[in-house]
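In the text below, chain A, chain B and the rest are named by the order of the sequence lines, each starting its count at 1. FYI, side chains are in, hydrogens and waters are out, and symmetry mates aren't considered; it's all heavy atoms of this structure.
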There are 2 protein chains.
Amino acid sequence: MNAQIKVGIVGYGNLGRGVEAAIAQNPDMHLEAVFTRRDPASIDSKARVERYADLEKYRGQIDVLILCGGSATDLPEQGPQLAAMFNTVDSYDTHARIPEYYAKMDQAARTNGKVSLISTGWDPGLFSLNRVLFEAILPNGDTYTFWGKGVSQGHSDAVRRVPGVKYGVQYTIPNEQAVDRIRSGERPQLTTRERHIRECYIVPEPGADQEAIREAIVTMPHYFADYDTKVHFISEEEMKRDHGAMPHGGIVIRAGNTGHDTAQVAEFKIKLDSNPEFTSSVLVAYARAVYRLAKEGQVGAKTVFDIPIGYLSPKSPEDLRKELL
Amino acid sequence: MNAQIKVGIVGYGNLGRGVEAAIAQNPDMHLEAVFTRRDPASIDSKARVERYADLEKYRGQIDVLILCGGSATDLPEQGPQLAAMFNTVDSYDTHARIPEYYAKMDQAARTNGKVSLISTGWDPGLFSLNRVLFEAILPNGDTYTFWGKGVSQGHSDAVRRVPGVKYGVQYTIPNEQAVDRIRSGERPQLTTRERHIRECYIVPEPGADQEAIREAIVTMPHYFADYDTKVHFISEEEMKRDHGAMPHGGIVIRAGNTGHDTAQVAEFKIKLDSNPEFTSSVLVAYARAVYRLAKEGQVGAKTVFDIPIGYLSPKSPEDLRKELL
């Protein structure tokens, strides 16, 4: 067996913890250290824990750094800094700003002879991969992306800002009727309302007016007004018991036509009991690919579109052809 | 717009016709000629039709040749010959002999500075791609492949050899109960019988003993004995009306566990009204990738595991990042 791939984790929230767990499932990898801006003593990792400020000391000692910070403030700042010192993988997911982030990461990595894979995970990531694959194979077609059933952080935050709400969680749910129409080969024009359903579980403040809360939620512009939204009032106990997990999932599906209007449907679907653990597992597989690209002498920013799938596997090309082709 | 990619088709059966139709859906491609071992005058293509023996004259005039022959006898012979003269794409699907075919194609292509992508389509092809992807992301898991609902040529041939059978078609059908167990995160051990159901539509010879036919089919070793098989007797008219199409499909699904036994499920599914037209569409998208690899100066045999998904798309990397990431 070759030497293990030396991995570092930057940031130790849900994603960082998931990456540690995923590395443990991959015998060709070793977690060198976790880097944090918090007090290292407060981090419950089994690995060595170091201060973020000490990252520079690890130059040359880590093959790939997995950036587990958020896209709003962490990655735009840390990404280009770290891409200048290490090969990196991240899950930058602010779709609209990806070209800008790519340009900065490409500049930093290329100048310093590093490889930086940006925006992986499942969306962006595996879903993006399937959108490109499906469109290339069925050019005459329509692609649809559905998210859920899963917790939307932004919508849960919005719900919690409604007066009288003590705790709140919002699930985004694909409209199964719409999905089934596409699965049958139809290429429907779907309104926002027809694509997803929103479901809220609310623990009200004692004495709060539940009807007023419901009304405030379902009419909230942008977040809920364009959707069919169900609001359920539950106890604090039920909230803790039933809504503490982070399930998610989704579907990318394309209905297309070949030849003389022949219907062809391709679908990619995931059902996750833990969204962060799955995203972490994707990051770790792509870290292996980044390690290989760097070994080949490639440099610059990359996305999932640029990486041969074989590079994600610990198996040799010969074994892949023999066992899985 | 760049110059069009000049494509040639070798063999004009269902697959070759599908490739012609798929090229027509891709404005960045042009079909230069169809090559056949039959009388060119007998071929109903809209393109120029040439004799197989004249292929050599097209050296340097075709960017990628799509080989549409069968895996049993055509490709083992034609593949290495043509890989020495052209960049090629094929759908070689004799799983057990892929390593041997790969070696021959690699030798022929590499020696002559060409690129040959072998064994694409949907299985081998897109299904293989997803088997590798899923296994790399969820190393602690089990992958299952289901085929159908679709016609199995081998099983239909077996049915037609039964005495008293005039016409016969056999459909392979995934066992939905098994699929649903995996979708729920279970990782069941499945017997052959639990994976697929077989369904036969038979037009009996006049006066044939239907019960004897049924018994001969369901007890046939290897082909049917290990399965639950339904046999339906129909009229010649029904056979023509209801069973002339070539639908197919299938599922690659992996149930895995991350962290502390967290269930994660990933699934890739296709539902095809025409199996050959879909396979053709995959071949054509991969022809674009081969064209690009050749432009980059790559040589030798490749498989779907070696090709970045972005290479399949006519869009630029910038547009892909902006629109589909």
What residue in B:Asp273, B:Ile98, B:Val304, B:Thr143 has the most heavy-atom pairs under 4.5 Å with chain A? B:Asp273
When heavy-atom pairs shorter than 4.5 Å are enumerated against chain B, which of A:Thr262, A:Ile137, A:Leu138 gives the highest number? A:Ile137
Using a 4.5 Å cut-off on heavy atoms from C-beta on, say whether the side chain of B:Phe134 contacts that of A:Leu324. no
Counting only non-hydrogen atoms closer than 4.5 Å, does B:Tyr102 touch chain A with its backbone (N, CA, C, O), its side chain (CB onward), both, or neither? side chain
Which bit of A:Ala263 comes within less than 4.5 Å of chain B, counting heavy atoms only: side chain, backbone, both or neither? both
Is any side-chain heavy atom of B:Arg183 closer than 4.5 Å to a side-chain heavy atom of A:Lys271? no
Considering only heavy atoms, give the residues of residues 242-253 of chain B separated from chain A by less than 4.5 Å, sorted numerically, with 'none' for an empty result. none
Interatomic distance, CH2@B:Trp122 vs CH2@B:Trp147, rounded to 0.5 Å, equals 8.5 Å
Can you confirm whether B:Met29 sits close enough to B:Val284 that some side-chain heavy atom of one is under 4.5 Å from a side-chain heavy atom of the other? yes
Using side-chain heavy atoms (C-beta onward) and a distance below 4.5 Å, is B:Pro139 in contact with A:Asn26? yes
Sort A:Ala136 into side chain, backbone, both or neither according to what part of it lies under 4.5 angstrom from a heavy atom of chain B. both
From A:Asn14 atom CG to A:Cys68 atom SG, the distance as rounded to the nearest 0.5 Å: 10.5 Å
Of the backbone (N, CA, C, O) and the side chain (C-beta and beyond), which part of B:Thr303 lies under 4.5 Å from a heavy atom of chain A, both, or neither? side chain
Where on B:Glu135 is there a heavy atom nearer than 4.5 Å to chain A: the side chain, the backbone, both, or neither? side chain
When the ring planes of B:Tyr92 and B:Tyr101 are compared, do they come out parallel, tilted or perpendicular, using 30° and 60° as the limits? parallel
Just checking, is any N or O donor in the side chain of B:Glu20 or B:Tyr12 under 3.5 Å from an acceptor N or O on the other one? yes
Any side-chain heavy atom of A:Ile66 within less than 4.5 Å of one from A:Thr88? no
Heavy-atom check, side chain of B:Ile23 versus side chain of B:Gln4, under 4.5 Å: no
Select one option (side chain, backbone, both, neither) describing which atoms of B:Asp93 are under 4.5 Å from chain A's heavy atoms. neither
Leading residue by heavy atom contact count with chain B [cutoff under 4.5 Å; candidates A:Gly18, A:Ala22, A:Pro124]: A:Pro124
Partner chain A: residue of B:Phe127, B:Phe268, B:Phe305, B:Tyr286 with the largest heavy-atom pair count (under 4.5 Å): B:Phe305
Do A:Tyr311 and A:Arg292 have side-chain atoms, one donor and one acceptor, less than 3.5 Å apart? no
Checking A:Arg187 against A:Asn257: is there a side-chain donor and acceptor pair closer than 3.5 Å? yes
Name the region of B:Val282, side chain, backbone, both or neither, that has any atom closer than 4.5 Å to a heavy atom of chain A. both
Do B:Ser274 and A:Gln264 have side chains that approach each other closer than 4.5 Å (heavy atoms only, starting at C-beta)? yes
Given B:Gly259, B:Gly256, B:Ser313, the one with more heavy-atom pairs under 4.5 angstrom with chain A than any other is B:Gly259
Chain B heavy atoms under 4.5 Å from A:Glu277: which part of the residue, side chain, backbone, both or neither? both
Could you check which of B:Arg254, B:Lys322, B:Glu267 has the highest count of heavy-atom pairs closer than 4.5 Å to chain A? B:Glu267
Per-residue tally against chain B (heavy atom, under 4.5 Å) across A:Lys315, A:Glu318, A:Glu323 peaks at A:Lys315
Side-chain contact test, heavy atoms from C-beta onward, threshold under 4.5 Å: evaluate it for B:Ile307 versus B:Leu117 and give yes or no. yes
Below 4.5 Å, heavy-atom pairs only: which of A:Ala96, A:Gly125, A:Ala285 has the largest tally toward chain B? A:Ala285
Inspect the contact between A:Arg131 and A:Asp123 and indicate whether a charged nitrogen and a carboxylate oxygen are less than 4.0 angstrom apart. yes
Please identify, among A:Ala266, A:Ala21, A:Ser281, the residue contributing the most non-hydrogen atom pairs under 4.5 Å to chain B. A:Ser281
Who wins among A:Leu325, A:Thr258, A:Val265 for the most heavy-atom pairs under 4.5 Å with chain B? A:Leu325
Quick one: what part of B:Leu283 sits under 4.5 Å from any heavy atom of chain A, side chain, backbone, both or neither? neither
